[in-house]
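Everything on this sheet refers to the single structure shown next.
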Amino acid sequence: MSKIIAFAGKGGVGKTTVASLVVRHLTTTGRTPVLAVDADPNSNLGETMGMKVTTSVGDIRENFMKDPQGIPSGMDKAIYLESLMNQAIIETRNFDLLVMGRQEGQGCYCMVNNILNNFTEDLSASYKYMVVDNEAGMEHLSRRTSGKVDMLYLVTDYSLRGLRAVRRIYGLLDGLKLTVKQIGIIVTRGPEKLSDVFLAEAGEIGVPILGVIPDDPALLEFDMEKKSLLDLPPSSPSVVAVDHLMEVSFPY
Ligand SMILES: Nc1ncnc2c1ncn2[C@@H]1O[C@H](COP(=O)(O)OP(=O)(O)OP(=O)(O)O)[C@@H](O)[C@H]1O
Ligand SMILES: [Mg+2]
């Protein structure tokens, strides 16, 4: 069974950036095989890791719904759909990427959704780690991780507003069909020493701060030049911070 690592937090705080750097950490330390899952419909996890994404599970599902007669004769529907979904996995030398894309359609596609759930559960047998990058908000997290997360990182920028979003998300967890084994806060673009006010507000939430990622100008530069974050030098402050955070806090 894979260990599932997921991220949640307000829009734009750095979830995709940290998820990419976690993939980088796992692969550079030999903790493979890794499946990176882009579960944000405005997907860009692949992009930040320098990959060209051409199809998604959502596209495949839509096409299948539009033309269910396209199944080769004599082939079982479920097996056919699963083989199509396998085509959405992009393989690289160090890890694989699965882009979920848009999932919501009209009506109940129970059969298709069941196959999709089985598919993600089957994948869990093939990878040691799954790194799931989500959209802001939590609504879909339970559905996209087969209801189980080993480590949920709540990402916030260095602001009280970001922390309040973390508090809200943390409060939503009870109402979700989601088992979370461990949970912690990551602060992005934070100073070396967090202010007392920030620490006090975080303390009230009752979730430990596991690490702080400093502001790293190289991230903007790589974004502008469309370079993969996997090619950042190992000495980049954001890389150093994520490597350290993973080594000290992740239950390998
Ligand atoms: N530690 C950092 N230092 C400097 N820039 C950063 C840092 N973390 C993230 N950024 C920048 O902030 C922007 C938003 O980051 P990112 O896309 O990772 O956020 P997100 O939470 O995934 O956003 P969304 O909610 O839209 O998916 C990017 O341009 C990224 O390069
Ligand atoms: Mg993102």
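Note that the structure is a prediction, hence the values are computed from the model and not measured. All ligand and atom numbering here is 1-based and tracks the order in the structure.
Across Thr55, Leu97, Leu123, Val57, a single residue satisfies side-chain contact (heavy atoms from CB on, under 4.5 Å) together with Ile89, and that is Leu123.
Distance check for atom 2 (C) of ligand 1: a protein heavy atom is found below 4.0 Å.
Aromatic ring orientation, Tyr129 versus Phe250: perpendicular (interplanar angle above 60°, classes split at 30° and 60°). By the 30° and 60° cut-offs, the orientation of the rings of Tyr158 relative to Phe198 is tilted.
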List the atom pairs, donor and acceptor, that lie under 3.5 Å between side-chain atoms in residues 199-211 and the rest of the protein, sequence neighbours left out.
| unit_1 | atom_1 | unit_2 | atom_2 | d |
| --- | --- | --- | --- | --- |
| Glu201 | OE2 | Arg164 | NE | 3.4 |
| Glu204 | OE1 | Arg167 | NH2 | 3.0 |

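The protein atom (non-hydrogen) at minimum distance from atom 29 (O) of ligand 1 is Asp223 OD2, 4.1 Å. Ranking protein heavy atoms by distance to atom 20 (P) of ligand 1, first place goes to Lys15 N, 3.4 Å. Here the heavy atom of the protein found nearest to atom 7 (C) of ligand 1 is Leu219 CD1, 3.3 Å. With respect to atom 27 (O) of ligand 1, the closest heavy atom belonging to the protein is Asp40 OD2, 3.6 Å. Protein heavy atom nearest atom 19 (O) of ligand 1, with residue, atom name and distance: Gly14 N, 3.0 Å. The protein heavy atom nearest to atom 5 (N) of ligand 1 is Arg189 NH2, 2.8 Å.
Per-residue contacts place Thr17 under 4.0 angstrom from the following atoms of ligand 1 (heavy atoms of the residue considered): 9 (C), 15 (O), 16 (P), 18 (O), 30 (C). Under a 4.0 Å criterion applied to the non-hydrogen atoms of Gly11, ligand 1 contributes the atoms 25 (O). The distance from ligand 1 to the heavy atoms of Asp215 drops below 4.0 Å at these ligand atoms: 3 (N), 4 (C).
Side-chain contact between Tyr80 and Pro72 is present, with heavy atoms from C-beta onward closer than 4.5 Å. Thr32 has its side chain out of reach of Asn94: every pair of non-hydrogen atoms, C-beta onward, lies at least 4.5 Å apart. When side chains are defined from C-beta on, Phe7 counts as touching Val18, because their heavy atoms get closer than 4.5 Å.
For the pair Asn134 and ligand 1, the shortest N or O to N or O distance does not fall below 3.5 Å. Among the atoms of Ile213, none of the N or O lies under 3.5 angstrom from an N or O of ligand 1. Looking at ligand 1, you won't find any N or O of Ser238 less than 3.5 Å from one of its N or O atoms. At least one N or O atom of Val13, backbone or side chain, sits closer than 3.5 Å to an N or O atom of ligand 1. Below 3.5 Å of separation, one finds an N or O of Thr16 facing an N or O of ligand 1.
For Asn44 (side chain) and Glu47 (main-chain N/O), no donor-acceptor pair under 3.5 Å exists by modelled atom type. Judged purely by atom type and a 3.5 angstrom limit, Ser20 has no side-chain atom pairing as donor or acceptor with the backbone of Leu229.
The residues Lys181 and Asp150 are annotated as salt-bridged, a charged nitrogen and a carboxylate oxygen being separated by less than 4.0 angstrom. Contact check on Arg31 versus Glu247 returns a salt bridge, with a Lys/Arg side-chain nitrogen under 4.0 Å from an Asp/Glu carboxylate oxygen.
Within the structure, the closest approach of Pro214 to ligand 1 falls below 4.0 Å when heavy atoms are considered. Under a 4.0 Å heavy-atom criterion, Gly12 is in contact with ligand 1.
The Mg ion (ligand 2) has no N, O or S atom of Asn42 under 2.8 Å away, backbone or side chain.
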